[in-house]
Student: 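Below you'll find the structure I mean.
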Protein chains: 2
Amino acid sequence: MLTISRETDYAARVILHLALQPTGSRSTARQIAELRIIPRALVRRIVTRLATAGLITTARGGDGGITLARPPTEITLLEVVEALEGPVALNICTVEPNICPLMPACTVHEAWVDIRDTLRANLARITFAALAQKGGASSPDTTAR
Amino acid sequence: MLTISRETDYAARVILHLALQPTGSRSTARQIAELRIIPRALVRRIVTRLATAGLITTARGGDGGITLARPPTEITLLEVVEALEGPVALNICTVEPNICPLMPACTVHEAWVDIRDTLRANLARITFAALAQKGGASSPDTTAR
DNA sequence: TTATAATGATACCAGATCGGTATCAATCAA
DNA sequence: TTGATTGATACCGATCTGGTATCATTATAA
């Protein structure tokens with residue numbers, strides 16, 4: 001199945017959660033895990049990767065926690081995906097053309113590149129500000145039940 | 001890395017090769033493996049999958065071989081990808097919404113579905129007739145060297 | 001009838017990835 | 001000092017990946 005990993009899906013939930021919090025406030029990994037229904041230890045790992053990608057800022061210690069590093073208007077789905085998955089390649093030949101023995105002559109290559117490019121563009125078009133606006137709720141249970 | 005498997009790339013080469021042959025002529029797995037630089041045994045496996053997907057027709061025996069089941073104008077990249085990869089899901093939630101505990105309320109879901117749909121549409125837009133036309137050569141070495 | 005060449009169907013393998021868990025150290029506020 | 005947090009690893013079983021190998025089946029041609 002051509003799909004992102006579950007970890008990437010979780011990462012999107014994490015960023016969305018943060019985007020829904022009041023600006024500047026911190027959330028803890030524990031809170032996010034419970035509210036967004038993600039295994040706690042996985043949130044830790046995801047937070048690490050999002051932090052090294054520069055999407056979030058973390059603070060250790062007693063009153064520590066996690067915050068978006070930028071306003072949600074400037075964080076896109078593409079960034080989250082690539083932070084977790086690495087490049088959106090679609091086919092490896094778009095990233096490492098040398099790996100393909102047919103390469104300079106391959107006519108499929110162009111197609112992979114084109115489709116990959118518009119896929120990336122579409123992922124980049126979605127900001128977490130837009131996603132946050134859609135669902136008014138600040139946590140999944142606020143409206144339900 | 002978000003990418004198709006190598007087997008899927010190979011499958012596209014196989015179909016492209018067949019699309020470049022004179023209509024109705026048969027190619028053998030061995031020929032395709034050599035000309036398109038794919039491990040022979042892998043071609044066998046790929047041919048099986050493409051055949052059960054209805055994209056190619058196979059004939060056993062002495063003069064056996066492989067042919068496109070339809071004209072190349074009616075075979076798209078999407079079909080090849082889905083024959084090998086299964087559904088183009090982008091995120092599993094687009095295929096099995098029940099798996100996601102956040103589901104009816106998740107605002108990212110729509111985005112995944114939309115982007116997935118246009119990805120599929122773009123893959124479906126590419127026919128192997130178009131790919132065959134681009135590269136005039138009927139085999140990779142015809143022009144080179 | 002026999003030999004040969006092709007596909008069909010499996011089974012197997014080593015290595016990588018995936019989803020998840022666990023542990024211990026470092027940091028900071030109270 | 002205590003407790004709550006993140007950082008960094010290490011580990012686990014299960015599955016996927018890319019590739020190989022084997023034997024049966026089918027059909028042509030000599």
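Hydrogens, waters and symmetry mates play no part in the numbers below; they use all other heavy atoms, side chains included. Chain naming here is simple, since letters A, B, ... match the order of the sequence lines and numbering starts at 1 in each.
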Student: Could you walk me through whether A:L90 and A:V113 satisfy the side chain to side chain contact (heavy atoms under 4.5 Å, CB included) test, starting with their C-alpha distance in whole Å, then the side-chain angles of each, then the deciding distance to 0.1 Å, before giving a yes or no?
Tutor: CA-CA 8 Å; A:L90 190 54; A:V113 170; over 6 Å; no
Student: Does anything in residues 48-64 of chain B come within less than 4.0 Å of DNA chain D? Heavy atoms only, and list the residues if so.
Tutor: B:R60, B:G61, B:G62, B:D63
Student: Please report the distance, rounded to the nearest Å, between CD1 in B:I46 and P in D:dG18.
Tutor: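 From B:I46 CD1 to D:dG18 P: 10 Å.
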Student: Any idea which heavy atoms bring B:I92 and A:M1 closest together, and the distance?
Tutor: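 Distance-wise, the nearest heavy atoms are CD1-CE, 3.8 Å.
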Student: Could you walk me through whether A:R13 and B:V108 pass the side chain to side chain contact (heavy atoms under 4.5 Å, CB included) check?
Tutor: CA-CA 8 Å; A:R13 298 190 201 173; B:V108 194; over 6 Å; no
Student: It should be established whether B:Y10 places a side-chain nitrogen or oxygen under 4.0 Å from OP1 or OP2 of nucleotide D:dG18.
Tutor: no
Student: When the distance from CZ of A:R6 to P of D:dC16 is rounded to whole Å, what number comes out?
Tutor: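 From A:R6 CZ to D:dC16 P: 12 Å.
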Student: Heavy-atom contacts under 4.0 Å between residues 90-99 of chain B and DNA chain D, which residues?
Tutor: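 Residues of residues 90-99 of chain B that come under 4.0 Å of DNA chain D do not exist, since none gets that close.
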Student: For A:N122 and B:T118, work out which heavy atoms get closest and say how close.
Tutor: ND2-OG1, 3.2 Å
Student: Applying a 4.0 Å non-hydrogen cut-off, can you work out what A:R30 is touching in the nucleic acid: base, sugar-phosphate, or nothing?
Tutor: sugar-phosphate
Student: Of all residues at least two apart in sequence or in a different chain, which pass the salt bridge (Lys or Arg N to Asp or Glu O under 4.0 Å) check with A:E34?
Tutor: none
Student: Considering residues at least two apart in sequence or located in another chain, which fulfil the salt bridge (Lys or Arg N to Asp or Glu O under 4.0 Å) criterion with B:E82?
Tutor: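 Partners of B:E82 under the salt bridge (Lys or Arg N to Asp or Glu O under 4.0 Å) test: B:R120.
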Student: Please report, to 0.1 Å, the donor-acceptor pairs under 3.5 Å made by any side chain of residues 58-75 of chain B, with sequence neighbours excluded.
Tutor:
from	atom 1	to	atom 2	distance (Å)
B:R70	NH1	B:E74	O	2.9
B:R70	NH1	B:E79	OE2	3.0
B:R70	NH2	B:E79	OE2	2.9

Student: Atom CD of B:E85 and atom C1' of D:dG18: how far apart are they, to the nearest Å?
Tutor: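 Spelled out: CD on B:E85 to C1' on D:dG18 is 13 Å.
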Student: Could you please spell out the steps behind the side chain to side chain contact (heavy atoms under 4.5 Å, CB included) verdict for B:N91 and B:R116?
Tutor: CA-CA 8 Å; B:N91 191 346; B:R116 192 267 320 254; over 6 Å; no
Student: Consider side-chain contact (heavy atoms from CB on, under 4.5 Å). Of B:V95, B:D117, B:L78, which one does B:V88 pass it with?
Tutor: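 Checked B:V95, B:D117, B:L78 against B:V88; only one passes side-chain contact (heavy atoms from CB on, under 4.5 Å): B:L78.
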Student: Using whole Å, report how far CZ of B:R44 lies from P of D:dT25.
Tutor: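 That distance rounds to 15 Å.
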Student: To the nearest Å, give me how far apart CZ (A:R45) and P (D:dC12) are.
Tutor: 15 Å
Student: Taking any atom under 4.0 angstrom from a heavy atom of chain A, which nucleotides of DNA chain C are the first and last to qualify, 5' to 3'?
Tutor: C:dG19 to C:dA29
Student: Does any non-hydrogen side-chain atom of B:L84 lie less than 4.5 Å from one of B:L50?
Tutor: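 In short, these two side chains touch, coming nearer than 4.5 Å.
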Student: Does A:M1 or A:A29 map to a spot on DNA chain D nearer the 5' end, using the closest nucleotide for each?
Tutor: A:A29
Student: Any side-chain heavy-atom pair from A:S5 and A:Y10 closer than 4.5 angstrom?
Tutor: no
Student: Just how far, in rounded Å, is P of D:dC16 from CG of A:L2?
Tutor: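 It works out to 15 Å between those atoms.
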